[in-house]
Novice: 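This is the structure, below, for whatever I ask next.
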Amino acid sequence: MNAFNESVIEEFRANGGKVGGPFEGRANLVLITTTGAKSGRAITNPLVYVPDSERIVLIASNGGADKHPAWYHNLRADPRLTVEVGDETYTGKAEFVTEPEADELYDRMIELMPVFAEYRDKTTRKIPVIAVYRETA
């Protein structure tokens with residue numbers, strides 16, 4: 001994990017889900033912990049999300065890179081994850097959203113954070129959209 005992500009995770013956990021820097025007042029931030037598809041280790045990533053009723057929506061943009069982020073591959077291998085939003089932690093299950101809903105949700109992310117339009121323009125790959133539902137007992 002890079003130093004930037006590590007500092008965001010520490011700040012998030014120390015401040016009940018609030019962080020400063022580039023995210024301050026601009027984004028809904030979540031921490032997801034997935035199981036490494038190859039390593040089997042627990043891996044935590046800070047991500048921005050789109051709130052959508054009783055689920056949250058993640059965009060596997062990887063900053064517009066031409067490959068999917070590692071956390072996407074982890075969720076493909078095992079869709080269960082731990083979600084931290086604010087000071088709440090719960091177990092979630094990922095569902096991979098298809099068209100046309102995926103485009104609609106991606107456009108909602110662009111409304112929240114316009115930089116996501118640049119990410120889409122930078123790559124030829126179709127950027128995956130993932131809905132995360134709280135698992136119920």
Side-chain angles (χ1 to χ4, degrees):
M1 176 183 343
N2 70 42
F4 177 76
N5 279 358
E6 204 168 289
S7 69
V8 170
I9 292 165
E10 287 177 22
E11 185 178 0
F12 183 102
R13 288 178 173 158
N15 297 303
K18 293 182 177 35
V19 296
F23 302 109
E24 188 169 8
R26 294 185 29 207
N28 301 309
L29 198 65
V30 63
L31 300 183
I32 66 165
T33 301
T34 59
T35 301
K38 293 180 182 175
S39 70
R41 294 183 302 114
I43 303 166
T44 301
N45 293 100
L47 302 171
V48 295
Y49 70 93
V50 176
D52 189 55
S53 191
E54 68 274 349
R55 65 186 187 172
I56 64 170
V57 177
L58 308 174
I59 308 293
S61 67
N62 205 15
D66 286 329
K67 63 180 187 171
H68 298 316
W71 62 263
Y72 167 84
H73 296 290
N74 295 346
L75 289 175
R76 276 288 183 198
D78 180 356
R80 288 188 169 59
L81 67 157
T82 301
V83 178
E84 296 174 61
V85 178
D87 57 4
E88 180 183 14
T89 301
Y90 61 89
T91 301
K93 185 169 184 185
E95 179 180 289
F96 298 86
V97 182
T98 58
E99 302 306 328
E101 184 184 21
D103 281 339
E104 294 166 10
L105 291 167
Y106 198 104
D107 289 343
R108 286 184 48 203
M109 176 61 87
I110 291 171
E111 289 173 19
L112 294 172
M113 291 192 70
V115 71
F116 276 79
E118 295 173 29
Y119 298 161
R120 186 167 52 191
D121 292 343
K122 282 172 52 176
T123 185
T124 56
R125 72 181 170 93
K126 181 68 174 168
I127 295 176
V129 175
I130 299 97
V132 177
Y133 295 87
R134 180 187 303 260
E135 280 207 323
T136 55

Novice: Kindly write out the residues that satisfy salt bridge (charged side-chain N to carboxylate O under 4.0 Å, His left out) with Arg80, not counting sequence neighbours, or none if the list is empty.
Specialist: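 Arg80 satisfies salt bridge (charged side-chain N to carboxylate O under 4.0 Å, His left out) with Glu135 once adjacent residues are dropped.
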Novice: Among all residues two or more places apart in sequence or in another chain, which pass the ring pair (Phe, Tyr, Trp, His ring centres under 6.0 Å) test with Phe96?
Specialist: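 Phe96: ring pair (Phe, Tyr, Trp, His ring centres under 6.0 Å) contacts with Tyr72.
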Novice: Please list all pairs meeting salt bridge (Lys or Arg N to Asp or Glu O under 4.0 Å) that have one or both residues in residues 54-71, counting only residues at least two apart or in different chains.
Specialist: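 Residue pairs with at least one partner in residues 54-71: Asp52-Arg55, Arg55-Glu101.
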Novice: Under a 4.5 Å side-chain heavy-atom rule over Ile, Leu, Val, Met, Phe, Trp and Tyr, are Ile127 and Leu58 clustered together?
Specialist: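 No; Leu58 is not reachable from Ile127 via cluster members.
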Novice: Hydrophobic cluster membership, with links at side-chain heavy-atom distances under 4.5 Å among I/L/V/M/F/W/Y: are Leu112 and Val132 in one?
Specialist: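 No.
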Novice: Assigning hydrophobic clusters by single linkage (Ile, Leu, Val, Met, Phe, Trp, Tyr; side-chain heavy-atom cutoff under 4.5 Å), is Phe12 placed with Leu81?
Specialist: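 The answer is no; the residues belong to distinct hydrophobic clusters.
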Novice: List for me each residue that meets side chain to side chain donor-acceptor pair (under 3.5 Å) alongside Lys126, sequence neighbours excluded, and say none if there are none.
Specialist: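 Lys126 satisfies side chain to side chain donor-acceptor pair (under 3.5 Å) with Glu99, Asp103 only.
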Novice: Shortest non-hydrogen contact from Thr123 to Ala65?
Specialist: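 Taking every non-hydrogen atom into account, OG1-O, 3.4 Å.
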Novice: With Ile59 as reference, evaluate Ile130, Val129, Val48, Ile110 under the side chain to side chain contact (heavy atoms under 4.5 Å, CB included) test and give the passing residue.
Specialist: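 So the option named by the test is Val129.
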Novice: Using the rule that Ile, Leu, Val, Met, Phe, Trp and Tyr join whenever any side-chain heavy atoms are under 4.5 Å apart, tell me whether Tyr90 and Ile32 fall into a single cluster.
Specialist: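 Yes, Tyr90 connects to Ile32 through the hydrophobic network.
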Novice: Roughly how far, to the nearest 0.5 Å, is the CG atom of Asn5 from the CG atom of Asn45?
Specialist: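 Going from the CG atom of Asn45 to the CG atom of Asn5 covers 6.0 Å.
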Novice: How long is the span from the CD atom in Glu84 to the CZ atom in Arg13, to the nearest 0.5 Å?
Specialist: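 One gets 4.0 Å once the value is rounded to the nearest 0.5 Å.
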Novice: Could you tell me which residues satisfy ring pair (Phe, Tyr, Trp, His ring centres under 6.0 Å) with Phe116, sequence neighbours excluded, listed by chain and number?
Specialist: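 By the ring pair (Phe, Tyr, Trp, His ring centres under 6.0 Å) rule, Phe116 matches Tyr119.
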Novice: Does Asp87 have any side chain to side chain donor-acceptor pair (under 3.5 Å) partners at least two apart in sequence or in another chain, and if so, which?
Specialist: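 Scan of Asp87 (side chain to side chain donor-acceptor pair (under 3.5 Å), adjacent residues dropped) gives none.
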Novice: Which pair of heavy atoms, one from Asn62 and one from Arg125, lies closest together, and at what distance?
Specialist: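 Nearest heavy atoms, Asn62 then Arg125: CB-NH2, 3.5 Å.
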Novice: Which atom names give the shortest non-hydrogen contact between Ala37 and Asn74, and what distance separates them?
Specialist: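 Answer, listing the atom of Ala37 first, then Asn74: N-OD1, 2.9 Å.
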Novice: Which heavy-atom pair separates Asn28 from Pro51 by the least distance, and what is that distance?
Specialist: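 For Asn28 versus Pro51, the nearest heavy atoms are ND2-CD, 3.2 Å.
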Novice: Look at the side chain of Glu11 and the backbone N and O of Gly20, then say whether any donor-acceptor pair between them is shorter than 3.5 Å.
Specialist: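 Yes.
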Novice: Closest approach of Ser61 and Tyr106, non-hydrogen atoms and distance?
Specialist: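 Where Ser61 meets Tyr106 most closely, the heavy atoms are CB-OH, 4.4 Å.
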Novice: Quick one: are Arg120 and Asp107 in side-chain contact, heavy atoms under 4.5 Å?
Specialist: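 Contact flag for Arg120/Asp107 side chains = yes.
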Novice: Where is the tightest heavy-atom contact between Leu47 and Leu29, given as atom of each residue plus distance?
Specialist: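 Leu47 and Leu29 have their closest heavy atoms at O-CD1, 3.2 Å.
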Novice: Determine, stepwise, if the pair Arg108 / Val57 fulfils side chain to side chain contact (heavy atoms under 4.5 Å, CB included).
Specialist: CA-CA 10 Å; Arg108 286 184 48 203; Val57 177; over 6 Å; no
Novice: Report yes or no: do Val83 and Leu75 belong to one cluster of Ile/Leu/Val/Met/Phe/Trp/Tyr joined by side chain heavy-atom distances under 4.5 Å?
Specialist: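 Linked, Val83 and Leu75 end up in one cluster.
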